[in-house]
Chemist: 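Just dropping this structure here.
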Amino acid sequence: MLIRVTPDELNPGEAIAAVASPAAGAINVFLGVVRDNNLGRKVQYLEYDAYPSMAEKVMRELAGEAKERFGLEECAVLHRTGRLEIGETSLLIAVSCGHRAESFEAGHWLVNEIKKKVPVWKKEVWEDGEAWIEGPESLGMQQAPATMR
Amino acid sequence: MLIRVTPDELNPGEAIAAVASPAAGAINVFLGVVRDNNLGRKVQYLEYDAYPSMAEKVMRELAGEAKERFGLEECAVLHRTGRLEIGETSLLIAVSCGHRAESFEAGHWLVNEIKKKVPVWKKEVWEDGEAWIEGPESLGMQQAPATMR
Amino acid sequence: MLLFASVADRAGTRRLELPHRDGDTVGAIRDRVIERFPQLADAIPTLMYAIDEEYARETDAVPAGATVALIPPVSGG
Amino acid sequence: MLLFASVADRAGTRRLELPHRDGDTVGAIRDRVIERFPQLADAIPTLMYAIDEEYARETDAVPAGATVALIPPVSGG
């Protein structure tokens with residue numbers, strides 16, 4: 001299993017290669033990408049904080065559970081940290097298995113679990129402020145300016 | 001929309017780049033891969049036949065319908081033809097949209113529709129024979145030897 | 001007329017030129033192909049058809065110069 | 001003790017060393033952090049906790065030398 005929390009760019013080709021298996025008929029890849037807007041606000045960039053060692057541990061546990069639950073051949077989960085520009089990939093998941101239905105189910109299940117359980121946080125930076133987004137799909141609260149950090 | 005039927009290797013990076021969009025928060029990629037077994041039989045390789053111009057037309061129609069139905073930003077569908085070895089990618093789909101749930105639904109819907117409607121056929125080649133697989137998940141019928149083609 | 005996959009294998013060809021007759025339908029043209037390649041008769045119940053890259057019914061009229069295709073059950077992906 | 005995201009920003013630090021006391025629980029240690037950084041008090045209802053990279057409950061005992069983390073609601077992906 002390829003599991004990684006890293007400040008470096010995520011490479012889908014690496015994740016696909018990591019889940020290759022002669023018994024796999026289907027590979028599903030999910031990329032979480034930085035969008036230029038959220039809940040009606042224009043986003044300039046994101047900054048991801050993480051507890052890297054624990055995040056990798058939780059990602060490894062979830063990948064193992066997905067393998068069991070969906071009969072996967074292989075599974076890769078990578079999360080990026082630090083400053084990410086619009087269009088860059090923050091989350092990269094790849095799963096391989098015999099048939100397509102399980103590949104979609106497993107990928108979707110993994111994204112949902114990762115968003116619930118992995119200790120990673122995003123800060124949205126707008127033209128006129130910034131906020132840590134805490135909790136899935138929360139709007140965030142206006143925070144103290146960055147100079148206070 | 002990137003739509004292509006080709007004898008050349010399919011490149012996931014190209015499909016991902018083709019669906020990139022500042023408004024996309026999720027990209028889902030599906031790879032149909034040649035598996036070393038089917039319905040209990042060991043597969044040596046596959047050979048894909050296609051009606052390329054019609055296949056591209058049907059793929060383009062399905063991609064357009066998926067964009068509408070799931071609110072996609074962009075969509076790419078590529079199918080390979082000719083001889084494919086175990087582990088090679090026969091079908092490559094990428095979709096981008098605002099949120100993850102739609103990306104999984106759209107990808108899954110597209111694979112299902114493509115398998116039902118696009119004029120492409122696979123022949124399985126085993127150690128002791130070969131068969132055109134006609135119809136989804138059929139076992140195929142033993143065919144005349146290749147020398148008759 | 002275009003043939004694919006098992007149908008092409010069993011006919012030994014992927015392409016036929018057939019003279020156009022007034023009032024030709026997809027089914028009529030298919031029947032002329034079967035006369036020439038009787039070994040294809042048992043494929044009829046499973047076949048679909050296309051006229052100029054569009055799925056078509058057996059009863060659809062075929063214009064002069066059109067390309068008709070015999071489409072066995074597809075198995076892409 | 002590790003702090004992250006808004007909690008780290010508001011405390012002005014990502015890492016604290018706290019002396020271990022016999023019978024320490026996660027909640028007891030968190031309360032000592034809040035004494036030092038009262039501005040974090042309103043975050044308590046949303047916090048989760050970890051001991052040595054495992055999610056833990058407020059009532060769990062903290063062994064000497066363990067790393068405790070305050071985990072605000074996560075928002076990865």
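Here is the naming used below: chain letters follow the sequence lines, and residue numbers restart at 1 for every chain. We use all heavy atoms of the structure for the numbers below, so side chains are in, but hydrogens, waters and symmetry mates are not.
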Chemist: Can you tell which of B:Gly13, B:Ala101, B:Ser96 has the highest number of heavy-atom pairs within less than 4.5 Å of chain A?
Modeler: B:Ala101
Chemist: Could you tell me whether the side chain of A:Arg35 and the main chain of B:Gly98 form a donor-acceptor pair under 3.5 Å?
Modeler: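 Flag set: sc A:Arg35 to bb B:Gly98 pair under 3.5 Å.
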Chemist: Give, for atom CD1 of A:Ile86 and atom OG of B:Ser21, the distance between the pair rounded to the nearest 0.5 Å.
Modeler: 10.5 Å
Chemist: How long is the gap from CZ on A:Arg100 to CG on B:Asn112, to the nearest 0.5 Å?
Modeler: 4.5 Å
Chemist: Using heavy-atom distances under 4.5 Å, tell me whether A:Ala94 contacts chain B through its side chain, its backbone, both, or neither.
Modeler: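 For A:Ala94, there is no contact with chain B at all, as no heavy atom is under 4.5 Å.
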Chemist: Do you know which of B:Ser90, B:Ala23, B:Ser103 has the most heavy-atom pairs with chain A at a distance under 4.5 angstrom?
Modeler: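 Ranked by contacts with chain A, first place is B:Ala23.
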Chemist: Working to the nearest 0.5 Å, report the span between OG1 of B:Thr89 and CD1 of A:Ile27.
Modeler: 6.0 Å
Chemist: Would A:Asn28 and B:Val29 count as a side-chain contact (heavy atoms from CB on, under 4.5 Å) here? Give the steps.
Modeler: CA-CA 6 Å; A:Asn28 195 267; B:Val29 185; over 6 Å; no
Chemist: Would you say that A:Leu31 contacts B:Ile16 through its side chain, given a criterion of any heavy-atom pair below 4.5 Å between the two side chains?
Modeler: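 Counting from C-beta outward, A:Leu31 and B:Ile16 do come under 4.5 Å.
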Chemist: Is A:Ala26 in contact with chain B via its backbone, its side chain, both, or neither, using a 4.5 Å heavy-atom distance?
Modeler: both
Chemist: Please work out which of the three classes, parallel, tilted or perpendicular, describes the rings of A:Phe30 and B:Phe104, given edges at 30° and 60°.
Modeler: parallel
Chemist: Give, as side chain, backbone, both or neither, the part of A:Pro22 having an atom under 4.5 angstrom from any heavy atom of chain B.
Modeler: both
